[in-house]
Structure formats: C-alpha cells, structure tokens
Amino acid sequence: MSARGFRGALLSVAHDPRDHADAIRHEPDGLLIVENGIVVARGDYQDVAPRYPGLAIEALPGLIVPGFIDAHIHYPQMDRIASHGAQLLDWLDTHIFPAEKAFADRAHADAVAAAFLTELLRNGTTSALVFATVHPQSLDALFEAAARRNMRIVAGKVLMDLGPEGLADTPHSGRAESEVLIRRWHGHKRLGYAVTPRFALTSSDAQLADTGALLAAHPDVLLHTHLAENLGECAAVAERFRDARDYLDVYDRFGLVGPRSVFAHGVHLSDRACARLHESGAGIAVCPSSNLFLGSGFFDFGQADRHSLRLGLGTDVGAGTSFSLLSTAGLAYQAALARGDRLDPFRALYLATAGSAGLLHIADRVGSLEPGQEADFVVLDTAATSLLARRTTGASLAEKLFALQVLGDDRAITRTYVLGECVWDKHADR
C-alpha cells in the first residue's frame with residue numbers, strides 16, 4: 001500500500017490536559033501521512049508537505065480527531081436499547097437476560113454483530129471493549145466480523161455460573177471455553193481478549209476463584225466486569241459477601257484487581273476502594289448515559305481525581321441511550337456538574353480517545369494519531385445541524401469542541417477511517 005496524505009484541521013489529546021501542559025495537539029491546517037495503515041508523519045501542512053513531493057493528498061473538511069474508543073459496551077444488548085421501566089437488577093431480569101439467550105443461535109449472533117459494528121463506525125467508534133454473552137459462539141461472531149473490518153476490538157465470553165437457565169455456564173466450562181477462545185483470538189489481527197465475569201452476583205465463589213487463576217495464567221489479557229453501579233446491586237453484594245470491606249474487595253479477594261482490570265461504572269465507591277484502584281493501576285469506564293437511564297446515580301469525578309484514578313468513557317449500550325461517544329461525553333459533563341465538577345471539553349475528548357486507549361492498554365497503538373500509531377480517525381462536522389452551525393460560527397476551538405460534545409451525535413460524523421481507509425461516509429450512505 002502506498003503512502004497517502006490527509007489534509008485538514010487535526011486535533012488530539014494524548015494525555016490528561018490537567019496534568020500535561022502539552023497534551024493538546026492542534027494543527028489548524030495539518031497534514032497526516034499514512035503508510036500501510038500507520039501514521040508516519042504529522043504536522044503543519046507547510047512543514048510536512050515538502051517532505052513528500054508528488055504524494056496524493058486528500059483534503060478533509062471538518063475537524064479530524066482520533067477514532068473514538070468505547071471503554072465499555074454490550075453488543076448483545078443493542079436491540080434492547082430504550083427498554084422501559086426498571087433499575088439495574090430488574091432491568092436485567094426483564095429485558096436483558098431474555099435477549100441474551102438468543103445468542104445461543106450463531107446466525108442470530110452473526111446478524112447482531114454485523115449491525116453492532118456498523119453502528120460503532122457510524123458513530124465514529126473504531127475501537128471498543130465489548131461484552132458478548134455466555135455463549136462462546138457469540139464471541140466468535142463478534143471477532144470474525146471485527147476482523148473482516150480490521151477494527152481493534154477487545155472482548156470476552158461472559159462468565160456467569162449463577163445466571164438464569166439458558167445463560168449459565170459452570171466454573172469448569174467457563175474456564176475451558178475461555179482458554180480456547182484466548183488461544184483462538186487473542187492477538188489475532190487487531191483483536192484482544194478480556195476475561196469477563198459479568199459481576200459479582202452472577203458468579204459463584206468457585207468461578208470467581210477460577211477467574212483469578214485464568215487471569216494469572218494469561219497476564220496479557222484484560223479483566224472486564226462491573227463495579228458499584230447501582231445501590232440495589234451494592235446492597236445485594238454486601239449481603240452475600242459479608243466479610244468483604246466493600247464491593248471492590250470482593251474482586252480483590254479473588255485476584256481480579258490489577259493494572260489490566262477495567263471496571264465499568266464505579267458510581268458508588270468508598271474512598272478505600274478508590275485508594276486500592278489507584279494502588280493497583282486498575283481503571284474505571286465511566287458510563288453516564290447508562291447511569292442516568294437506570295437511575296444509578298452520577299459518577300463522582302471529584303473523588304476519582306482526588307485518588308488519581310485511570311478513567312475512560314463508555315456508552316454501555318443497551319442501558320446507555322446512544323452509541324455516540326460525543327453525546328456520552330456531553331452527559332459526562334452534566335454528571336460531573338451535578339456533583340460540582342466541570343469537565344473540560346479537551347479532557348472529555350481525551351477520555352473518549354487516549355484515556356480509553358490507556359484503560360484498554362492499547363494507547364501505544366491508537367488514541368492520539370501520533371507517528372507510529374494506527375491511522376484510525378474521524379472527521380467531525382461542526383455544522384452538521386443548523387443549531388451546531390449557529391453555535392460554532394466564529395467560535396474558538398474549545399467552544400466548538402464543547403458544542404460538539406453537547407449538541408453532537410452520529411450526525412456530526414462525516415467519515416470514519418480505519419487503518420487509513422474510509423469505512424463510513426455519511427454522504428455515501430444517503
């Protein structure tokens with residue numbers, strides 16, 4: 001594949017801007033050089049272009065940012081998005097568990113996986129940490145579809161031996177099936193594996209212990225589960241695990257808290273748990289849309305920042321209400337403000353890109369469009385709607401980014417690129 005150039009306004013935030021003065025990189029007239037799917041050069045057009053005489057250069061009108069990275073999302077739940085009337089535990093029983101049973105059928109899993117990945121790309125999401133179901137074929141369907149699209153996806157078969165009929169494995173089968181799937185998929189193309197116990201209440205002590213052993217045997221995979229999402233859930237966990245100091249301590253006792261652990265939600269965390277998360281290097285995937293929809297509460301950014309927690313951003317669909325990490329970032333701003341914290345728009349972009357990449361341990365490959373990284377990027381249209389156009393005309397970069405965060409959604413995604421190839425074009429879809 002020959003080198004190609006992409007000219008336009010480039011923006012990325014490689015580090016948390018609160019801690020790094022040089023985290024924000026912006027070239028109003030920038031040039032991105034891509035060769036074999038990898039960024040080989042980036043900078044101001046007038047500086048970079050002379051180094052590549054005769055190179056084919058494509059002008060991209062809009063704001064070019066790294067592809068969004070969803071740190072927590074459930075692909076089998078997409079057809080139950082916008083399901084009415086329940087908080088977490090009842091919502092699972094009423095809406096989600098019945099839907100997930102259908103993934104015993106491989107053809108059904110194939111159809112949903114294809115639709116799910118298309119929806120991600122339509123929303124500018126090029127990488128994600130994904131829940132499948134308890135069925136191994138649900139993961140095969142997702143990974144096969146992702147491999148065909150060259151997407152960077154990390155996922156795992158769900159472990160839940162205390163699940164309802166049709167959704168329960170056993171400690172032995174869960175471990176054995178996970179071992180097979182890790183050998184088959186981890187490191188294949190751009191795919192990675194995450195050991196995925198659903199949450200503490202759906203696994204026996206024996207399975208949680210076996211999960212810890214599985215992680216120890218495969219130190220390069222992730223741990224992906226839920227933590228302290230909902231008060232009813234927290235109360236049920238405390239009732240079952242009466243000797244545990246808090247919810248996180250349940251996982252810790254089974255060897256599930258470490259630098260490669262990603263915990264979704266973390267709405268109701270003790271300071272002790274936050275200190276332990278920081279000490280271990282584990283991180284939280286913040287899911288504000290889901291937390292609001294299920295009445296779970298508002299993530300405490302202030303508490304997280306006092307403990308220097310590693311954070312990313314997740315849509316969580318289907319409890320989340322949109323695949324768009326733009327609109328999810330807008331809700332993160334509102335969740336933060338509800339607790340007296342103000343989420344800066346550049347930090348919001350960081351959480352949706354390099355922050356989530358760091359959480360997934362892929363920040364060396366994606367998230368900031370630096371030379372040496374894979375060329376996954378999105379073209380944003382600041383005039384995608386009449387209201388956005390009015391709000392962003394003559395606005396500063398920060399104002400434009402915040403307007404996209406609050407008013408933007410899939411309509412603001414003009415194009416999505418994976419490894420330098422356009423895989424979604426809004427205008428071609430019309």
Side-chain angles (χ1 to χ4, degrees), residues 70 72-120 128-146 153-171 173-175 177-178 180-181 185 193-204 207-208 211 223-227 229-230 232-233 236 262 264-265 285 287 289-290 293-294 296 314-321 323:
D70 198 321
H72 176 70
I73 186 168
H74 293 251
Y75 103 84
Q77 296 181 9
M78 71 174 292
D79 290 333
R80 299 311 302 160
I81 194 170
S83 293
H84 177 264
Q87 290 199 352
L88 176 64
L89 298 182
D90 290 337
W91 175 80
L92 287 171
D93 289 335
T94 303
H95 299 296
I96 299 306
F97 290 158
E100 291 193 1
K101 290 179 183 179
F103 285 77
D105 177 5
R106 175 60 192 267
H108 176 76
D110 285 334
V112 176
F116 169 80
L117 294 173
T118 296
E119 197 67 23
L120 287 183
L129 177 57
V130 186
F131 258 68
T133 71
V134 72
H135 314 98
Q137 58 267 35
S138 73
L139 192 65
D140 287 333
L142 177 67
F143 275 155
E144 285 184 14
I153 297 293
V154 184
K157 169 202 134 53
V158 174
L159 302 169
M160 48 186 298
D161 65 326
L162 299 183
E165 183 179 356
L167 280 182
D169 55 9
T170 69
S173 68
R175 171 73 181 269
E177 289 167 349
S178 297
V180 170
L181 291 165
W185 293 114
Y193 200 87
V195 174
T196 309
R198 187 176 211 107
F199 67 128
L201 294 177
T202 52
S203 287
S204 66
Q207 184 168 70
L208 290 170
T211 301
L223 181 282
H224 184 202
T225 190
H226 299 86
L227 172 67
E229 176 179 358
N230 178 276
E233 167 212 13
V262 179
H265 304 295
C287 304
S289 172
S290 170
F293 181 74
L294 292 179
S296 298
T315 62
D316 193 30
V317 169
T321 55
F323 279 78

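All values below come from the heavy atoms of this structure, side chains included, with hydrogens, waters and symmetry mates left out. The model shown is predicted, which means the values in this text are computed figures rather than measured ones.
Using bins of under 30°, 30° to 60° and over 60° for the plane-to-plane angle, the ring pair His265/His226 lands in the parallel bin. Ring geometry, Tyr75 versus Phe116: the interplanar angle falls from 30° to 60°, so the pair is classed tilted. Using cut-offs of 30° and 60° for the angle between ring planes, the His74 and His72 rings count as perpendicular.
Residues Phe103 and His108 meet the side-chain proximity criterion, which asks for heavy atoms closer than 4.5 Å. No side-chain heavy atom of Val134 sits less than 4.5 Å from a side-chain heavy atom of Glu177. A heavy-atom distance below 4.5 Å is found between the side chains of Pro136 and Leu181. Residues Trp91 and Asn230 fail the side-chain proximity criterion, which asks for heavy atoms closer than 4.5 Å. In this structure, Ser204 and Pro171 have side chains that are in contact, with non-hydrogen atoms separated by less than 4.5 Å. At least one side-chain heavy atom of Leu142 sits less than 4.5 Å from a side-chain heavy atom of Leu117. A 4.5 Å side-chain heavy-atom check between Val317 and Asp70 finds every atom pair outside the cut-off.
Taking CG of Leu159 as the start and OG1 of Thr211 as the end, the distance is 5.0 Å to the nearest 0.5 Å. In this structure, Glu233 CD and Leu88 CG are separated by 5.5 Å, a value rounded to the nearest 0.5 Å. To the nearest 0.5 angstrom, Ile81 atom CD1 is 10.0 Å from Asp316 atom CG. A distance of 12.0 Å separates CZ of Phe131 from CD1 of Ile96, quoted to the nearest 0.5 Å. The CG atom of Asp105 sits 12.0 Å away from the OG atom of Ser138 when rounded to the nearest 0.5 Å. Remark: Gln87 CD to Phe293 CZ distance equals 11.0 Å, nearest 0.5 Å.
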Are Gln207 and Asp169 close enough, and set up right, to give a side chain to side chain contact (heavy atoms under 4.5 Å, CB included), and what steps lead you there?
CA-CA 10 Å; Gln207 184 168 70; Asp169 55 9; 3.0 Å; yes
Mind running side chain to side chain contact (heavy atoms under 4.5 Å, CB included) on Leu167 and Thr202 for me, showing each step along the way?
CA-CA 10 Å; Leu167 280 182; Thr202 52; over 6 Å; no
Under the criterion side chain to side chain contact (heavy atoms under 4.5 Å, CB included), I'd like the reasoning laid out for Val154 against His224: C-alpha separation, chi angles, the key distance, then a yes or no.
CA-CA 10 Å; Val154 184; His224 184 202; over 6 Å; no
What verdict does the side chain to side chain contact (heavy atoms under 4.5 Å, CB included) test give for Phe97 and Glu165, after you've listed the backbone C-alpha separation in whole Å, the side-chain angles of each residue and the deciding distance to 0.1 Å?
CA-CA 10 Å; Phe97 290 158; Glu165 183 179 356; over 6 Å; no
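Closest approach of Gly174 and Ser178 over heavy atoms only: O-OG, 2.7 Å. Counting all heavy atoms, side chain and backbone alike, Ile73 lies closest to Ala128 at CG2-CB, 4.2 Å. Closest heavy-atom contact between Ala200 and Leu208: O-CD1, 4.4 Å. Between Ala86 and Leu294, the closest heavy-atom pair is O-CD2, 3.5 Å. Looking at every heavy atom in both residues, Ala168 comes nearest to Gly163 through CB-O, 3.5 Å. Val158 and Ala132 get closest at one heavy-atom pair: CG2-O, 3.3 Å.
In summary, of the residues considered (His135, Lys157, Arg106), a side-chain contact (heavy atoms from CB on, under 4.5 Å) with Asp140 occurs for Arg106 alone. Checking each of Arg198, Arg80, His95 against Glu100 for a side chain to side chain donor-acceptor pair (under 3.5 Å) leaves exactly one that passes, namely Arg198.
Thr225 places a side-chain N or O within donor-acceptor distance of the main-chain N or O of Pro197, the cut-off being under 3.5 Å.
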